[in-house]
Amino acid sequence: MPTGAAPIRQLDPHAIDELTATAQKILADYGSSAARPELLRTVAASAVRFGETIRHHCRPVDTDDGLYVLRGLSVDDGGIGPTPADWATAGDCAAEWDVLLLLLATAMGHPIAWEGQQEGRFVHNIVPAPGHEQEQTGASSTVLLSPHTEDAFHPGRAHLLLLACMRNHDAVATTAASIRKVRLDADDMALLSRPVLPILPDDAYAEAQGFADEPPKVPALWQTGDGPTLRYDPAYTPLDEAPADHRAAYDRLTAELERVSVAVALEPGDVLVVDNDLVVHGRVPFRPRYDGTDRWLKRASVRVPGRRSRPLAEADEHGYGQAALVAHL
């Protein structure tokens with residue numbers, strides 16, 4: 001697996017100063033990074049005033065890599081405090097970065113939050129948590145986090161995913177693979193474009209896992225005018241329920257995604273921006289210490305207004321009862 005093969009967008013000093021000064025002022029005015037309506041309105045008004053350089057760096061993903069790393073922001077390793085023990089106790093840890101991510105997300109679209117995940121927060125803390133080491137969620141550690149589309153079970157999932165690195169002393173890599181780089185024949189594309197299997201809610205959505213209605217069957221792939229896109233989460237897809245030819249095609253898709261996968265070891269201050277319709281992401285295993293020095297990311301999810309990259313049939317899905325909270329609407 002290639003390492004670090006991700007396009008870089010380097011922020012210049014003026015853009016860095018503009019972003020950090022804006023985040024610091026908002027945080028000082030509100031005293032917390034908790035995304036109250038008035039804070040979100042201030043974030044939206046501030047993002048509108050950003051200069052051309054920041055807007056240019058926040059433009060859509062424009063290569064078949066389906067991602068880029070926004071670089072240049074800095075993290076004070078001592079100032080942010082220890083890595084939280086879990087998301088629930090993170091509170092306002094590294095609060096300036098919560099606001100920074102909201103500003104960047106707003107420059108790209110509308111930040112979203114989920115009522116059923118991390119108490120409806122717009123910025124999530126991704127840290128290893130005791131007792132969750134083997135799960136297929138962001139709180140895991142010692143197991144490979146399988147490549148997946150973020151919130152693949154839901155029709156209202158993000159178009160873009162932002163992962164900001166607070167701490168990564170062990171250079172733990174995020175994995176990523178773009179559907180635009182795989183090689184599949186026309187028969188496999190046709191098979192995987194049919195709605196044969198559901199994608200079930202992951203373990204981060206306990207309430208959704210108990211939803212009573214029939215899970216909708218969804219395609220894994222579909223074509224757009226710009227090329228193929230995907231919706232993929234094998235850890236939560238009941239593949240044994242599919243016909244043999246569909247399973248074989250899905251296996252070939254998995255093998256292709258593995259072939260083109262890259263491993264990106266984020267550095268503190270890096271913001272990885274992933275197009276959630278093009279790229280599946282995961283994480284290599286690592287051994288947590290639970291001593292305040294473990295890997296720590298912050299995550300924001302973004303919907304892009306007016307984007308038409310998904311099958312119209314998704315509008316009829318129930319989303320397992322989960323509702324997204326959309327900023328700036």
Donor-acceptor contact below 3.5 Å, side chain Gln322 vs main chain Tyr205: no

Using the side chain to side chain contact (heavy atoms under 4.5 Å, CB included) definition, which of the options Leu103, Leu40, Thr106 pairs with Pro111? Thr106

Tell me whether Gln209 contacts the main-chain N or O of Pro201 through its side chain, where contact means a donor paired with an acceptor under 3.5 Å. yes

Is the closest side-chain donor-acceptor distance between Asp188 and Tyr250 under 3.5 Å? no

Should the heavy atoms of other residues, nucleotides or ligands under 6.0 Å from NE2 of His169 be counted, would the total exceed 12? yes

Looking only at side-chain N and O atoms, does Thr89 offer a donor or acceptor that is under 3.5 Å from a partner on Asp86? yes

Is it the case that Gln223 and Ser193 place a side-chain donor and acceptor less than 3.5 Å from each other? no

Would you check if there is a donor-acceptor pair between the side chains of Arg283 and Ser140 at a distance under 3.5 Å? yes

Side-chain donor-acceptor pair present, Glu38, Tyr30, cut-off under 3.5 Å: no

For His318 and Phe211, I'd like to know if the aromatic rings sit close, meaning centre-to-centre distance below 6.0 Å. yes

Is the ring pair Trp114/Phe153 parallel, tilted or perpendicular, if the boundaries are 30 and 60 degrees? tilted

Going by an N to O cut-off under 4.0 Å, is there a salt bridge joining Glu314 and Arg157? yes

Over 12 foreign heavy atoms within 6.0 Å of CZ, Arg287: no

Would you kindly say whether Arg41 and Ser46 are connected by a side-chain donor-acceptor distance under 3.5 Å? no

Any chance CD of Glu207 has more than 12 other-residue heavy atoms, nucleotides or ligands included, within less than 6.0 Å? no

Here's one to test your reading of the geometry: is the NZ or CZ of Arg9 within 45 degrees of the ring axis of Tyr68 and under 6.0 Å from its centre? yes

Aromatic rings His148 and His281: how do their planes relate, parallel, tilted or perpendicular, breaks at 30° and 60°? tilted

Modelled atom types, side-chain donor and acceptor of Thr83 and Arg167, under 3.5 Å: yes

Looking at side-chain heavy atoms only, is the closest gap between Leu325 and Glu115 below 4.5 Å? yes

Using a distance-only test with no angle check, is there a side-chain donor-acceptor pair under 3.5 angstrom linking Asp92 and Ser33? yes

I'd like to know if the side chain of Thr63 pairs up with that of Asp65 as donor and acceptor (distance under 3.5 Å, no hydrogens or angles considered). yes

Strictly distance-based, threshold 3.5 Å: is any side-chain N or O of Thr237 a donor or acceptor partner for the main-chain N or O of Ile199? no

Verify whether one side chain among Thr229 and Asp277 offers a donor that lies under 3.5 Å from an acceptor in the other. no

